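Scroll down for the structure; my scribbles are underneath it.
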Amino acid sequence: MSDKYLEINQLSGGYEASQVLFDISFGIPRTGVTAIVGRNGAGKSTLLQTIMGFIKPTSGSISYEGVDITNSSTYSRTRLGIGYVPQDRPVFSDLTVRENLIIGASRLPRDQRNDLAPVLEIFPKLADRLDQKAGTMSGGERKMVGIARALIGQPKLLVMDEPTEGVWHGVVDEIKDRLIIYGKTNAILIVEQNLDFISAISSQILLIERGVISQRVSTSGKSELELLRKKLTV
């Protein structure tokens, strides 16, 4: 068996006539956090949407636990154990927090779908908000619900797109702490602009520029991180 949950091999793709990704290859370890960074328009969200099956690649392959899922539906990928937290609209606004979480549990056996205790232990603040419409919550609280909805399905791989965008720093710290714990036994792939956030939780950072992975950075090297920070801010 491969030591990777997810392997991307020479993946290319984009939108209709516009190619965004060019021969991207990398792997996600079975535990820990892999982060993808890059400037706006570099292809980060396109890459995640292709991994999740929302966008069909033009070439290359995606395998999950040694099984080719390149042409699998998004639903099939979630059933296999890949959770997804999108950048925009992470919740169903017209539904309550409870209803959002139950939807996230749909891949579990029927008798386990109403057991919200596992994610309420991760985000205890949500316990008092279960009957509140998700759309009436703050941006940070909605992000929490979106993450909890993905986690309740017990994914082996959690894919996240900009989870701290527009979120108050106190909530960011809470999300960070929860992801550190989750990453000890599961795999996380995260697109994020907050370099301080990802350097605190990630084992490796991939820099994407114009649709190409141009650099791999270890978070243990301070000089590498500083060079990366300059590259992202110049």
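What's counted below: heavy atoms across the whole structure, side chains too, no hydrogens, waters or symmetry copies. Source: prediction; values computed, not measured.
- Distance check: Ile8 CD1 to Ser63 OG gives 7.0 Å after rounding to the nearest 0.5 Å.
- Within the 4.5 Å cutoff, no side-chain heavy atoms of Leu227 are placed close to those of Arg229.
- Evaluation of the side chain to side chain contact (heavy atoms under 4.5 Å, CB included) rule for Ser61 yields Asn9, Asp68, Thr70 as partners, not counting sequence neighbours.
- A 4.5 Å side-chain heavy-atom check between Arg77 and Ile62 finds at least one atom pair inside the cut-off.
- Listed for the Thr58 side chain is a donor-acceptor partner under 3.5 Å among the backbone atoms of Ser12.
- The closest side-chain heavy-atom distance from Met160 to Ile147 is below 4.5 Å.
- Transitive grouping of hydrophobic side chains (ILVMFWY, heavy atoms separated by less than 4.5 Å) brings Val119 and Leu130 into a common cluster.
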- [ ] Go through the steps to decide whether Gln10 and Ile24 satisfy the test side chain to side chain contact (heavy atoms under 4.5 Å, CB included), and finish with yes or no.
- [x] CA-CA 5 Å; Gln10 295 185 311; Ile24 287 181; over 6 Å; no
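- Nearest heavy-atom pair across Gly146 and Val85 is O-CG2, 3.8 Å.
- Minimum heavy-atom separation, Thr78 to Arg107: O-NE, 3.1 Å.
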- [ ] I would like to know whether Gln49 and Ser45 meet side-chain hydrogen bond (donor to acceptor under 3.5 Å, both in side chains); could you show each step before the answer?
- [x] CA-CA 6 Å; Gln49 290 172 24; Ser45 292; 5.0 Å; no
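- Contacts of Ser76 classified as side chain to side chain contact (heavy atoms under 4.5 Å, CB included), with partners at least two apart in sequence or in another chain: Ser72, Ser73.
- Rounding to the nearest 0.5 angstrom, the gap separating the OG atom in Ser106 from the CD1 atom in Ile152 is 10.0 Å.
- Hydrophobic clustering (ILVMFWY, side-chain heavy atoms < 4.5 Å, transitive): Leu95 and Leu101 are in distinct clusters.
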Open item on the list: Please determine whether side chain to side chain contact (heavy atoms under 4.5 Å, CB included) holds for the pair Thr50 and Val20, giving the CA-CA distance in whole Å, both sets of side-chain angles, and the decisive distance to 0.1 Å.
Closed with: CA-CA 11 Å; Thr50 304; Val20 178; over 6 Å; no
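- Residues Leu225 and Leu195 share a closest heavy-atom pair of O-CD2, 4.0 Å.
- Atom NZ of residue Lys231 and atom CD of residue Glu209 lie 5.0 Å apart, to the nearest 0.5 angstrom.
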TODO: Go through the steps to decide whether Val159 and Ile190 satisfy the test side chain to side chain contact (heavy atoms under 4.5 Å, CB included), and finish with yes or no.
DONE: CA-CA 6 Å; Val159 179; Ile190 181 171; over 6 Å; no
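- Going from atom CD of Gln193 over to atom CD1 of Ile36 covers 12.0 Å, rounded to the nearest 0.5 Å.
- Looking at residues two or more places apart in sequence or on another chain, you find a side chain to side chain contact (heavy atoms under 4.5 Å, CB included) between Phe22 and Gln19, Val212.
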TODO: Would you please test Ile122 and Ile181 for side chain to side chain contact (heavy atoms under 4.5 Å, CB included) and show each step?
DONE: CA-CA 9 Å; Ile122 297 174; Ile181 294 171; over 6 Å; no
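- Criterion: ILVMFWY side-chain heavy atoms under 4.5 Å apart, direct or through other members. Under it, Ile103 and Leu108 are not part of a common hydrophobic cluster.
- For the residue pair Glu165 / Gln87, a side-chain donor-acceptor distance below 3.5 Å is found, with atom types taken as modelled.
- Crowding of Asp94 atom CG: a count of heavy atoms from other residues, nucleotides or ligands under 6.0 Å not exceeding 12.
- For the atom pair Leu158 CG and Ile82 CD1, the distance stands at 10.5 Å (nearest 0.5 Å).
- Taking 4.5 Å as the limit, every side-chain heavy atom of Val97 sits out of range of all side-chain heavy atoms of Val91.
- Linking Ile, Leu, Val, Met, Phe, Trp and Tyr whenever their side-chain heavy atoms come within less than 4.5 Å puts Met137 and Trp168 in one cluster.
- The shortest distance between side-chain heavy atoms of Val67 and Leu80 does not fall below 4.5 Å.
- Counting only heavy atoms from C-beta outward, the side chains of Tyr64 and Glu7 never approach each other to under 4.5 Å.
- Here the shortest heavy-atom pairing between Thr136 and Gln132 reads OG1-NE2, 3.0 Å.
- Using a 4.5 Å heavy-atom threshold, the side chains of Leu120 and Leu126 count as touching.
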Open item on the list: Using salt bridge (charged side-chain N to carboxylate O under 4.0 Å, His left out), reason through Arg30 and Glu65 one step at a time and then give a plain yes or no.
Closed with: CA-CA 9 Å; Arg30 299 181 71 82; Glu65 292 198 287; 3.5 Å; yes
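- Looking at every heavy atom in both residues, Ala150 comes nearest to Pro155 through O-CD, 3.2 Å.
- For the residue pair Tyr15 and Thr46, a side-chain donor N or O sits within less than 3.5 Å of a side-chain acceptor on the partner.
- Applying the side chain to side chain contact (heavy atoms under 4.5 Å, CB included) criterion to Thr164, with sequence neighbours excluded, gives Val172, Glu192, Asn194, Phe197.
- In terms of heavy-atom proximity, Pro29 sits nearest to Thr34 at CD-OG1, 3.6 Å.
- Listed for the Arg210 side chain is no donor-acceptor partner under 3.5 Å among the backbone atoms of Leu21.
- A heavy-atom distance below 4.5 Å is not found between the side chains of Ile198 and Val33.
- Hydrophobic clustering (ILVMFWY, side-chain heavy atoms < 4.5 Å, transitive): Phe92 and Phe54 are in distinct clusters.
- For residues 174-186, the pairs satisfying side chain to side chain donor-acceptor pair (under 3.5 Å) are Lys125-Glu174, with sequence neighbours left out.
- Within the structure, the salt bridge (Lys or Arg N to Asp or Glu O under 4.0 Å) test picks out the following pairs touching residues 130-155 (sequence neighbours left out): Arg98-Asp131, Arg129-Glu141.
- Here CD1 of Ile180 is found 6.5 Å from CD1 of Ile201. Values are rounded to the nearest 0.5 Å.
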